[in-house]
Number of protein chains: 2
Amino acid sequence: MINPVYLKIVEDIKKKINGAELKPGDAISSETSLCKEYGASRMTVRKGLAILVSEGYIYSIPGKGNFVQKPEQDKYIVHYDEMNNSINRVDKIKLLEVNIIMPDEKLAAELQITRNKNVILIRRLFYTDGAPVAYDVKYLLYQKGMPIVEKEIEHATFAEMVSNSMPIYALKKELSIYSRMPNEEIKRYLNIYDELALLVVEQKLFNNESKPIGLGVTHYRGDYIRLRGISG
Amino acid sequence: MINPVYLKIVEDIKKKINGAELKPGDAISSETSLCKEYGASRMTVRKGLAILVSEGYIYSIPGKGNFVQKPEQDKYIVHYDEMNNSINRVDKIKLLEVNIIMPDEKLAAELQITRNKNVILIRRLFYTDGAPVAYDVKYLLYQKGMPIVEKEIEHATFAEMVSNSMPIYALKKELSIYSRMPNEEIKRYLNIYDELALLVVEQKLFNNESKPIGLGVTHYRGDYIRLRGISG
DNA sequence: CAGTGGTCTAGACCACAGC
DNA sequence: CTGTGGTCTAGACCACTGC
């Protein structure tokens, strides 16, 4: 078949929802009536409904029926790669420092560790077309298999730094995005001479037990980066 | 049953992928062998696999098999509501201007219209705890059913402004997030006396034919807002 | 050709809502 | 009690892949 029955069901119900014929909270026809309506078996109807559920259009209440879901209005999908954004791409990286440090109070709290634990510090500068565009600082708890050779550290994204010791699938990540004025040190590193704001992206990595294993702070020149999001 | 068979299948395969026993590109056991392994019918096995597909863990190639998907490392989910962020909440709004304007070249290009078309301009100030925190500008193409009463415009989010003329489901939205220094006008509006950066969020609304129907630019005080994202 | 996934059926039993 | 959705089976036919 060119158009499977279950997709026809999905499209029809989507049209009714998008066309406001069905409003959030409204009940969908029961599965048995949809079977009759489309001359299909119940498994086929249910396959269509399962797709609508997974796409967030409807939800089911056992014993009651299927209902139109209220859409999540404020949800966006953002693709963030510290070395690549929608406008530019980092083409050179300079390793400023690799060190073992003792965390201060704030960092220890962020990483949920005590202040006597060692933390790996990595500071780098990102370049595009020969000009420095971002100042990047990473704090990592040491894990087995982590790269300790400078050549490996230099070009690795945050996720890559821990990927030897952790399967990427198990990695949970959080972003925090904010705006800030550069301090004197960052102004020097990024060749900022006049008034220019920074876009700062904090990245936090968690293992599969939701314990933090790393914190990254990337300070981008405000004229260099834009983050984009799409509703969905 | 407390644990349906198909969920058991899903969990087992997820464990194998997270535990690096199965790597991206590897083939999953064929559906018929999974049937034997779990003593289940093919439909039950397929229900489990369908869940893994929808969650991005695996993909299918007809005639060949099911394979482990390479995870999307850079995808984050961001919740953005112009009036509510993870730290603060807008509790007062001041309407500065509602007007009909002719777009300049840049705006006409953004909205994909000619320069002789009318555009509704709305300028507002957002307050939290009595202090101005954001300067908000919206450009809207007029649609039937749009609110024209100031009281309605004053407190509406961007999506709400068009929701009377368009079902929310059909609305597609794009975000663009960047950092910028305030100009003199914005400094006055937001009571900025010393060096403070802005976080600017541009929101673009599209109808179901992917034509732009509105552009919103919200300038937040950098010390007011943080946007958060979660991997997924 | 045999093996794979994609679609579909016509039943079955269960737990739960609501009367 | 009937009607609802949730799970599951044991088949079937199809299109595609690779030998």
Side-chain angles (χ1 to χ4, degrees), chain A residues 1-17 21-72 169, chain B residues 1-17 21-72 169:
Chain A
M1 291 122 211
I2 302 173
N3 269 347
V5 180
Y6 71 86
L7 276 186
K8 169 80 175 150
I9 297 174
V10 169
E11 284 162 17
D12 283 0
I13 296 180
K14 273 190 187 178
K15 265 182 204 159
K16 285 185 186 173
I17 294 175
E21 192 176 331
L22 286 171
K23 295 184 193 72
D26 287 359
I28 312 283
S29 315
S30 77
E31 296 177 357
T32 44
S33 24
L34 287 171
C35 289
K36 286 172 198 160
E37 185 179 337
Y38 288 92
S41 78
R42 196 165 152 237
M43 285 306 272
T44 302
V45 167
R46 281 181 61 74
K47 174 149 189 172
L49 296 180
I51 291 172
L52 290 166
V53 168
S54 77
E55 291 184 359
Y57 279 83
I58 67 173
Y59 61 94
S60 290
I61 301 181
K64 297 189 75 172
N66 292 285
F67 303 88
V68 177
Q69 177 72 269
K70 190 170 65 185
E72 270 207 82
Y169 261 112
Chain B
M1 293 125 211
I2 301 172
N3 270 348
V5 180
Y6 71 88
L7 276 186
K8 168 79 174 150
I9 298 174
V10 169
E11 284 162 18
D12 283 0
I13 296 180
K14 274 190 186 176
K15 266 182 203 160
K16 285 184 187 173
I17 295 176
E21 193 175 332
L22 287 171
K23 295 184 193 71
D26 287 359
I28 312 283
S29 315
S30 78
E31 295 176 357
T32 44
S33 23
L34 287 172
C35 290
K36 286 172 197 159
E37 185 180 335
Y38 289 92
S41 77
R42 195 163 154 239
M43 285 305 273
T44 302
V45 167
R46 281 180 61 73
K47 174 147 189 174
L49 296 179
I51 290 172
L52 289 166
V53 168
S54 78
E55 291 184 359
Y57 279 83
I58 66 173
Y59 62 94
S60 290
I61 302 181
K64 298 190 75 174
N66 291 285
F67 303 88
V68 178
Q69 175 74 269
K70 191 171 63 184
E72 270 207 82
Y169 260 112

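Just so it is clear, the values below take in all heavy atoms, side chains as well, and ignore hydrogens, waters and symmetry mates. Sequence lines set the chain letters: A, B, ... in the order given, protein chains first and strands last, and positions in each chain run from 1.
- Here the P atom of nucleotide C:dG6 and the CG atom of B:L49 are 9 Å apart, to the nearest Å.
- The side chain of A:K47 contributes an N or O atom lying less than 4.0 Å from OP1 or OP2 of C:dT7.
- The shortest distance between the side-chain N/O atoms of A:K64 and the OP1/OP2 oxygens of C:dC16 is not below 4.0 Å.
- A straight line from CD of B:E31 to P of D:dA15 spans 18 Å, rounded to a whole angstrom.
- Between the C1' atom of C:dG11 and the CE atom of A:M43 lies a distance of 11 Å, rounded to the nearest Å.
- Taking the nucleotide of DNA chain C with the nearest heavy atom to each of A:S41 and A:I61, the more 5' of the two is matched to A:S41.
- For the pair B:R46/A:K47, a side-chain contact is recorded, criterion being any heavy-atom separation below 4.5 Å from C-beta on.
- Between C:dG6 and B:R46, a contact under 4.0 Å exists linking OP1 or OP2 to a side-chain N or O.
- B:P71 approaches B:P24 most closely through the heavy-atom pair CD-CG, 4.2 Å.
- Using the Watson-Crick or G-U wobble rule with both distances under 3.5 Å, C:dG18 pairs with D:dC1.
- One interatomic measurement links the two molecules: CG of A:L34 to C1' of D:dG3, which rounds to 14 Å at whole-angstrom precision.
- Using a 4.0 Å heavy-atom criterion, one finds that B:G48 contacts no nucleic acid atom at all.
- Taking atom CZ on A:R42 and atom C1' on C:dA12, their separation rounds to 11 Å, with Å as the unit.
- Rounding to whole angstrom units, NZ of residue A:K8 and P of C:dC8 are separated by 13 Å.
- With respect to the salt-bridge test (charged N to carboxylate O, under 4.0 angstrom), the residues B:K8 and B:D12 qualify.
- Applying the 4.0 Å criterion to OP1 and OP2 of D:dT4, one finds that A:N66 has every side-chain N and O outside that range.
- A:Y6 meets the ring pair (Phe, Tyr, Trp, His ring centres under 6.0 Å) test with no other residue; sequence neighbours excluded.
- For the pair B:S30 and C:dT4, the criterion of a side-chain N or O lying under 4.0 Å from OP1 or OP2 is met.
- Residue B:Y6 places no side-chain N or O under 4.0 Å from the OP1 or OP2 atom of D:dC8.
- Considering only residues two or more places apart in sequence or on other chains, B:S33 meets the side-chain contact (heavy atoms from CB on, under 4.5 Å) condition with B:S29, B:S30.
- Nucleotide D:dG6 holds its P atom 17 Å from the CG atom of B:N3, rounded to whole Å.
- Residue B:T32 places at least one side-chain N or O closer than 4.0 Å to OP1 or OP2 of C:dT4.
- The side chain of A:T44 contributes no N or O atom lying less than 4.0 Å from OP1 or OP2 of C:dT7.
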